[in-house]
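Shown next, in structure tokens, is the structure this report addresses.
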Amino acid sequence: MRLAVLVSGEGRNLAALIEACASNKIAGQIVGVFSNRADARALERAASTGIACRVVPHLDYPDRAGFDSALSEALDELHPDFVLLAGFMRVLTGDFVRRYRGRLLNIHPSLLPRHPGLHTHRRALEAGDLEHGATVHFVTEELDGGPAIIQGRVRVEAQDTAQSLGERVMQKVEMKIYPQTAAWLARGELRLHEGRVLRRDQALQSPLQLEHLEEDFR
Ligand code: GRF
């Protein structure tokens with residue numbers, strides 16, 4: 001199973017994926033890491049483990065379509081089975097999304113459909129949410145709107161700041177649910193079919209939850 005990971009920033013999700021591949025929890029390999037920013041810390045993490053990295057700077061292209069086609073050309077050279085967005089901070093065009101339909105996934109730091117878009121931790125606090133979390137979903141043309149595969153929840157504590165809440169979501173949820181999802185993908189257990197997620201050929205009625213994590217990913 002060949003995985004490509006698209007990043008823009010810190011790369012904690014990427015690190016969790018790298019670790020899970022290295023310890024054979026995911027029956028696959030990360031064949032390339034792509035960033036729109038040359039200064040992404042994620043690139044250092046990838047390079048230090050010998051993974052091929054490629055920067056496609058979005059500012060080099062006049063528009064989204066130009067950037068996306070350069071990105072997909074670079075991606076396709078590596079023949080990925082799945083493309084995982086892991087803190088990739090660019091909105092992708094419909095053409096790009098359709099090209100990788102069913103093979104393109106994202107992790108979003110909220111309990112979708114609550115809080116699509118940016119600043120999710122702050123918005124969860126401002127809304128007085130009692131729980132918050134993260135979601136892995138197939139990417140469709142609707143921003144942060146594709147069918148959800150798995151979500152993980154944490155309690156919002158009275159003393160939480162956006163930073164403390166975000167950190168808990170990252171450690172307790174994101175770094176577990178994305179590697180678990182990749183492991184399922186590598187085993188051929190997940191599919192997007194007519195707008196629904198199939199797990200072992202059964203349509204999910206609702207997203208999987210932390211209790212569905214396998215031992216290796218808890
Ligand atoms: C994560 O919270 C991810 O859900 C969101 O962007 C953040 C990226 O963090 N899309 P990192 O680069 O994985 O550390």
Side-chain angles (χ1 to χ4, degrees), residues 1-7 12-32 75 78-88 92 94 96-116 120 131-155 168-218:
M1 179 67 47
R2 299 171 64 81
L3 303 169
V5 184
L6 271 53
V7 298
R12 289 158 298 176
N13 278 294
L14 172 67
L17 290 163
I18 292 173
E19 197 282 319
C21 287
S23 55
N24 294 317
K25 295 175 185 167
I26 299 172
Q29 51 164 336
I30 299 173
V31 294
L75 267 171
L78 296 181
H79 306 289
D81 296 297
F82 290 95
V83 178
L84 307 182
L85 308 180
F88 184 68
L92 295 161
F96 186 98
V97 170
R98 282 188 293 275
R99 182 185 188 92
Y100 299 100
R101 182 180 296 288
R103 302 198 288 135
L104 182 62
L105 287 85
N106 182 41
I107 185 158
H108 181 79
S110 80
L111 297 170
L112 290 171
R114 274 188 88 65
H115 310 308
T120 56
E131 54 175 18
H132 183 49
T135 306
V136 175
H137 63 96
F138 281 108
V139 175
T140 59
E141 283 153 84
E142 188 192 341
L143 185 68
D144 298 326
I149 296 165
I150 183 167
Q151 293 188 318
R153 292 158 197 279
V154 299
R155 260 212 340 250
R168 194 152 70 254
V169 168
M170 176 58 70
Q171 301 294 334
K172 303 260 183 241
V173 181
E174 298 199 51
M175 293 175 74
K176 299 175 187 228
I177 63 176
Y178 221 5
Q180 171 71 82
T181 302
W184 285 328
L185 289 171
R187 285 190 234 135
E189 292 187 17
L190 286 176
R191 235 156 24 94
L192 178 66
H193 179 70
E194 293 177 352
R196 309 190 73 170
V197 178
L198 303 190
R199 170 138 190 255
R200 300 186 189 136
D201 294 325
Q202 298 285 318
L204 292 185
Q205 302 306 318
S206 54
L208 297 163
Q209 301 293 323
L210 289 181
E211 71 242 30
H212 295 105
L213 291 176
E214 295 166 350
E215 190 71 34
D216 274 351
F217 298 96
R218 285 194 194 137

Let me confirm one number: the OG1-CG distance from Thr181 to Leu190, rounded to the nearest 0.5 Å. 6.5 Å
Heavy-atom nearest pair, Phe217 first then Ala183, reads CZ-CB, 3.5 Å
Distance, nearest 0.5 Å, that separates CZ of Arg218 from NZ of Lys176: 9.5 Å
So, does Thr135 use its side chain to make a donor-acceptor pair with the main chain of Gln151 at under 3.5 Å? no
Nearest 0.5 angstrom please: Trp184 CH2 to Ile150 CD1, how far? 4.0 Å
Check whether any side-chain N or O of Asp81 sits under 3.5 Å from a backbone N or O of Arg2 as a donor-acceptor pair, and report yes or no. yes
Applying side chain to side chain contact (heavy atoms under 4.5 Å, CB included) to Asp216 and not counting sequence neighbours gives Lys25
Are side-chain heavy atoms of His193 and Arg196 found at a separation under 4.5 Å? no
Quick check for you: to the nearest 0.5 Å, what is the distance between Leu85 atom CG and Leu105 atom CG? 8.0 Å
Of all heavy-atom pairs linking Leu3 and Cys21, the shortest is CD1-SG, 4.4 Å
Ignoring hydrogens and geometry, is there a side-chain-to-backbone donor-acceptor pair from Arg168 to Arg155 under 3.5 Å? yes
In terms of heavy-atom contacts, Phe82 and Gly102 come closest through CE2-O, 3.5 Å
Minimum-distance pair of heavy atoms, taken over all atoms of Gly32 and Leu78: CA-CD1, 3.8 Å
So, using salt bridge (charged side-chain N to carboxylate O under 4.0 Å, His left out) as the criterion, who are the partners of Arg153 when residues are at least two apart? Glu131
From Leu17 CG over to Ile26 CD1, what is the distance, rounded to the nearest 0.5 angstrom? 5.5 Å
Residues Ala134 and Val169: closest non-hydrogen pair is CB-CG1, 3.9 Å
Partners passing side chain to side chain contact (heavy atoms under 4.5 Å, CB included) against Pro147 (at least two apart in sequence or in another chain): Phe138, Thr140, Leu192, Val197
Closest approach of Val5 and Ala86, non-hydrogen atoms and distance? CG1-CB, 3.8 Å
